[in-house]
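Working notes, structure below.
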Amino acid sequence: MFYDEAMMNTYNMVKQRFIKKWINTLHMLDSSIEHPLNVTERKNAIRLSSDLAIAATRSGSTVWSRTLISRSGNKTTNLTTNKPMARRILKKARNRMKNRCSTLRRNGNFTAKVGVRKRTELLKSLVPGGELIDDKDYLIRETLDYIVYLRAQVDVMRTVAAVDLVTGNLTNDRTNK
Amino acid sequence: MNGGDLLLNCTDMSVLERQRAHLKYLNPSFDSPLAGFFADTSMINGGEMDGFLATAGLNLPMIYGQTTVVGDPRMSISPETTLGTGNFKKRKFDTETKDCNEKKKMVNREEVTEEEEEKSKITELNNGSPKSIKKMKNKAKKEENNCSNDSSKVTKELEKTDYIHVRARRGQATDSHSIAERVRREKISERMKFLQDLVPGCDKITGKAGMLDEIINYVQSLQRQIEFLSMKLAVVNPRPDFDMDDIFAKEVVSTPMTVVPSPEMVHSGYSHEMVNSGYSNEMVNSGYHHFNPMQQVETSSDPLSYFNNGQPPSMWHSDVQNLYGSLGV
């Protein structure tokens, strides 16, 4: 991955900052969300908190982090509010955003002939806030930044999941004994 | 803008690097002597020229017996016929006054003629050169002061090089728009290169479309992984709240290595083991292929909370050993 030692250290630092923030967001979310949740809702909550945390770790001038935070803001409001009216409004807003993205994605499989333009569109749809960026150069810079943090997020989540695995396994053993 | 640009960039860089290395070898005291010269003159390019300019100049001396200045490809003016080698030094001082494009053009025009014979050998390298130059930019700025006095030394080295490098392409546009465009393209390809390092398995691919494809795939796969992992975590934990993570965070902070799953948190003795054995995320990953994650669903209690209660060390130890065994540690 990173061939540079210094980069690796920075990367580890990023991961540490991320996990701390993630714990915080999880706690925050946990206290504000109604229990019990089914698996899907739990997943969404975890995903949401994770995205929020990674965006907060970046907390810089990147478009993607700001977009993630504002998106997460919408989602948390959605999760925590009980009022049906508010829910409907938020849902509409989200769907509108989703539709825009899916239209781009629907363009399907690209052959090499289709070219750079369509791929750029697709990339824009993938990177949060990419649609807002016109300059291709800036888009690539954003993507670079986003990839690094995305990777950190995946690494940490994978680790935590593995820990859960181990502890879960232990618990299993105990209950089976 | 197509794959050719990226490719050229690479080729050019390596060539330029070779040139610079060569120069350094020959004259360790300074770097690309011509660089500074052009760095002064090229305001737009911010001294990026140094790289290829230095290389460009390298080929000429044997003919002219002194260092010559190569035309800035970006300025890329159609070669004119006056030969100006004799005026080289004089021009140098002129340009060092940090004048703008016009001066540069003058210099270029006069020197470009010498290169006419080499025009035939000019390849698409020219296209790539502005980009590579851009990379040399920062280096060039440092060398600005060194170059002026040393350009004469370059003469000797010139004979040894066998490459003909970036040259102004015949009739290439010199207006500010195309220059800006070229600069922009340089930036893009530079970043594409960085992306190549970042996205695994990208070295073989050239061409913007292919690169973008890889990037898109990678981002998509990372996002999907996150989705999958959050589902996994949701399944394992009855509540989206990790009690253990407070401890986890502490452990993570103290561990210099990459984040390591730390069941050993409870027993610090083991943390040593795990860290020293080079336990990595990859191993963890392969580890849970052995386990069926769905097993966890049956447990009614939050497995994580067990940690807070502590566990008998012996059982812990044996379980951890089992984990290690399955991972093939």
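Owing to the predicted nature of the structure, the values given are computational and were not obtained by experimental measurement. Naming: A, B, ... by sequence-line order, numbering from 1 per chain.
- Separation of atoms CZ (A:R119) and CG (B:D213) is listed at 4.0 Å; rounding is to 0.5 Å.
- Contact annotation: the side chain of A:L122 never approaches that of B:L212 to less than 4.5 Å [non-hydrogen atoms, C-beta and beyond].
- The shortest heavy-atom contact between B:Q223 and A:L126 is NE2-O, 3.1 Å.
- Between chain B and the options A:K43, A:Q153, A:M13, heavy-atom pairs under 4.5 Å are most frequent for A:K43.
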Practice problem: Walk me through it: do A:I147 and B:I215 pass the test side-chain contact (heavy atoms from CB on, under 4.5 Å)? | Solution: CA-CA 9 Å; A:I147 285 179; B:I215 292 163; 4.1 Å; yes
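- Both the backbone and the side chain of A:T120 come within contact range of chain B, judged by heavy atoms closer than 4.5 Å.
- Taking every heavy atom of both residues into account, B:L229 and A:V154 meet most closely at CD1-O, 3.7 Å.
- Under the rule for a side chain to side chain contact (heavy atoms under 4.5 Å, CB included), the partners of A:R47 that lie at least two apart in sequence or sit in another chain are A:D51, B:I226, B:E227, B:S230.
- Atom CG in A:L150 sits 4.5 Å away from atom CG in B:L222 (nearest 0.5 Å).
- You'll find the side chain of A:M157 stays beyond 4.5 Å of the side chain of B:K232, heavy atoms only.
- Every residue two or more places apart in sequence or in another chain that forms a side chain to side chain contact (heavy atoms under 4.5 Å, CB included) with A:D135 is listed here: A:D137, A:Y138, B:R184.
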